[in-house]
There are 2 protein chains.
Amino acid sequence: MPAVPELARAGTPDRAAARVTSRDVARAAGVSQAAVSLVLGDKWRGRVSPGKAEAVRAAARELGYRPNLAARSLRTGRTRTALLVVPALTTEFFARVYTGAARIAADHDFGVVLYPSPEGIGPARPSPSTTHGGRPVRAPLVPDPFASASAALDGVIASSMAADALAALRTPGLPLVMLDSDPGDATASATVNLDIADGVRQLTAHLTGLGHRRIAHLAADVDSWTFAVRTRTLTDALAGTPDAVVHRVPTALGVDAGLRAAHTALTVPGPRPTALLCDDDIIAAGACKAVRRLGLRVPEDVSVTGFDDLALAVAVEPELTTVRLPAEEFGEAGMRALMAVLDGAPTDAATLPVALVPRGSTAPPPDTPHNTARPGG
Amino acid sequence: MPAVPELARAGTPDRAAARVTSRDVARAAGVSQAAVSLVLGDKWRGRVSPGKAEAVRAAARELGYRPNLAARSLRTGRTRTALLVVPALTTEFFARVYTGAARIAADHDFGVVLYPSPEGIGPARPSPSTTHGGRPVRAPLVPDPFASASAALDGVIASSMAADALAALRTPGLPLVMLDSDPGDATASATVNLDIADGVRQLTAHLTGLGHRRIAHLAADVDSWTFAVRTRTLTDALAGTPDAVVHRVPTALGVDAGLRAAHTALTVPGPRPTALLCDDDIIAAGACKAVRRLGLRVPEDVSVTGFDDLALAVAVEPELTTVRLPAEEFGEAGMRALMAVLDGAPTDAATLPVALVPRGSTAPPPDTPHNTARPGG
DNA sequence: GCCGGGACGTGTTACGTATAACTTACGGCG
DNA sequence: CGCCGTAAGTTATACGTAACACGTCCCGGC
């Protein structure tokens, strides 16, 4: 009846508020502990009378009972906890992946523990012992790997990892869902991918349609499938436009790195590229700065495109033409796949569509008649 | 001896790779299970001979033993897991807070579970039962609050919550560390704050020093201490400059909202403000867009300032003058405070310094002799 | 020569839950 | 009337760990 029952029984000031167990509830309701477990576990149809069931529920409510998760996990062998391994959480993209995954997890009464690699995208290489339990352990503190815990996880979702890092994550008996990883390289319980290749195709069609023929690709110099597929697809996508040339400029991640790479791309000897195809929005933002520092304009002199469609894409001016990756849906799909695996579903793979978002950072190249080609729509 | 012992004993293909327990290790090492627990728990000095201790460690390594976390938690009553409650993870700021907190947690062999409020900053109001166990539970799915779990958490860190949400988080027996919350309103186990007030003072000194007298404050319309203190301090900080006027324009969060609020601030009847003091960098980015859409320039016609110093601050042009909030250190300090509380330390409070970062988005106001006043440094 | 105490271990128990196995009552049916 | 199936419960057990309480031996001091 009282809204805050905890305060009513705050009579034990010594330690942690005298935990109330299922046995306490049983005593209060005049039944056995087993009956309490059955009722609260919703397995009582035909085992406990409706009247007693209601009494149990009332007693539990009254006492403020909450089941002890550790005991439950010990008994059932399930923890209702998933580990999400992401290269870096401070990247908006992965924060949104987490948000989507956490939403689905909540629907299934699952918790999500994060393992953000301290090294960032690419070199992430957690050892199995490290990831078990989701408790990253500093090497100096715990000399022996087995000192870290296990049996704390029901499954793992790994996003955008390098192939060898993925192999290290593989643990016998622990379902592994791979997000945005090479579909062919490892045996995962399930796979979810973004249709990056289609995004690249849409992007190149957009640029060549505007008339661009000299394109610099600011390629993230990171060992990750999601970036590898950009580079690979780009050459294929431009095969239909024989006079198009693409110049690959490797770059680190970040605004500054993008700025430097764009500077390189725009000042290299030979005819200047008219478009900078950047591997993500942040690199693209840096590229825009480089263009302006060289006294050029976006998009009149140089077109710039991004990838991801982060909040940043509409914060800069001009707003970035980019490929929208459905980050939340990505996380949702990953967690849904894990739930399916835990329910015994067979291994399967899904691919999520992406969409080109044309904005102000792309335009026909300079000194080109506007009717050379028709933009897509 | 083998690098990947799990693969060597993958002979049971049926279920989850036949867990190896401390009893298995004991059998292999020829000792009792108690001895294994003592050795691996590093409590064996004078209880187990060095030779047997080494044998136990070898056996554990050989078998790939990892302690069962659920059983350990059930026995010890500790879970080595902390809950971090943040308004929204997709905000870079809170992602960085998490990163800092997770780093310290790892040093103490703690895990971190997140509770991102689905509603975003402000209206976050998790009930105690919801937050217990870090498993957000949808109301429709689980009708009774006690169906969610407890005993899964050793402590809670709550960041930038509204006062009533904080009150709801308070749970007897569960340590609560408050981050960036009203220091006076609730009894927390510990408190860590950013010196937001000082940041506002530095910002206003910077602006008035440049000669600005008409300032619009784009104030986040969100019930959170960190924003409330900005508004409160601003009037105090301008008290020393009698001819300064500040016009408060409430705004939601986000680029678009900032754009609209800035438009309002700049087109309201009367003399136009020469500076827009924005409650965070994202609002400031929107404000810059509004300035340019009105045919004005940043910073020549209108100065714009942000708050937080996100990656976005240097991605836009001009780069934002802002107040750098040490997000990672903030999370670190919060987790350190929780660890101290768990070690029995008394309640205490800390305040982290912030720093003005002058960049290109501020300049003396137009039609003002540059020597009206001296900028700070 | 006896005794106290440290080194070295082991047996046992309890943590709180879920569930298999068992018991009893009772109504319907052959 | 005997039997069985189902409802309505209870009793008992095991999950894997940490740690308490209890032994035994040996050595050194008086």
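Lettering of chains follows the sequences in order, A, B, ..., and the numbering in each one begins at 1. Predicted, not measured: the structure shown is a model, and the values here were computed from it.
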* To do: Report yes or no: does A/Asp154 contribute a side-chain atom to a donor-acceptor pair with the main-chain N or O of A/Arg80 at less than 3.5 Å?
  => yes
* Could you tell me whether the side chain of B/Asp343 and the main chain of B/Ala345 form a donor-acceptor pair under 3.5 Å? => no
* Asked: Just how large is the angle between the end axes of the helix from C/dG1-D/dC30 to C/dG30-D/dC1, five pairs per end, to 10 degrees?
  -> 60°
d([atom1], [X]; [atom2], [N]) in whole Å:
X	N	atom1	atom2	answer
A/Lys43	C/dA18	NZ	C1'	8 Å
A/Arg80	C/dT17	CZ	P	16 Å
B/Arg66	D/dG16	CZ	P	15 Å
A/Leu69	C/dG16	CG	P	14 Å
A/Leu40	C/dA18	CG	C1'	12 Å

* What do the steps show when you test B/Val156 against B/Val177 for side chain to side chain contact (heavy atoms under 4.5 Å, CB included), and what is the final call? -> CA-CA 6 Å; B/Val156 176; B/Val177 173; over 6 Å; no
Grab the two heavy atoms, one from [X] and one from [Y], that are nearest each other, plus how far apart they are.
X	Y	value
A/Ala35	A/Val48	CB-CG2, 4.4 Å
B/Ala102	B/Val112	CA-CG2, 4.0 Å
B/Leu63	B/Val20	O-CG1, 3.7 Å
B/Leu179	B/Gly334	CD1-CA, 3.8 Å
A/Ser159	A/Phe330	OG-CE2, 4.4 Å

Using the 3.5 Å cut-off, write out each protein N or O paired with an N or O of nucleotides 13-15 of chain C and the distance between them.
none

* To do: Test B/Trp44 against every option in B/Val36, B/Val56, B/Val39 by the side-chain contact (heavy atoms from CB on, under 4.5 Å) rule and name the one that passes.
  => B/Val39
* Asked: Can a salt bridge be assigned to the pair A/Arg61 and A/Glu54 using a cut-off of 4.0 Å between side-chain N and carboxylate O?
  -> yes
* B/Tyr98/A/Leu114 under side chain to side chain contact (heavy atoms under 4.5 Å, CB included): CA gap, chis, key distance, verdict -> CA-CA 10 Å; B/Tyr98 167 83; A/Leu114 278 166; 3.1 Å; yes
Please tabulate the protein-to-nucleotide N/O contacts below 3.5 Å involving nucleotides 5-9 of chain D, giving atom names and distances.
residue	atom	partner	partner atom	Å
D/dG9	OP2	A/Ser49	N	2.8
D/dG9	OP2	A/Ser49	OG	2.5
D/dG9	O6	A/Arg47	NH1	2.8

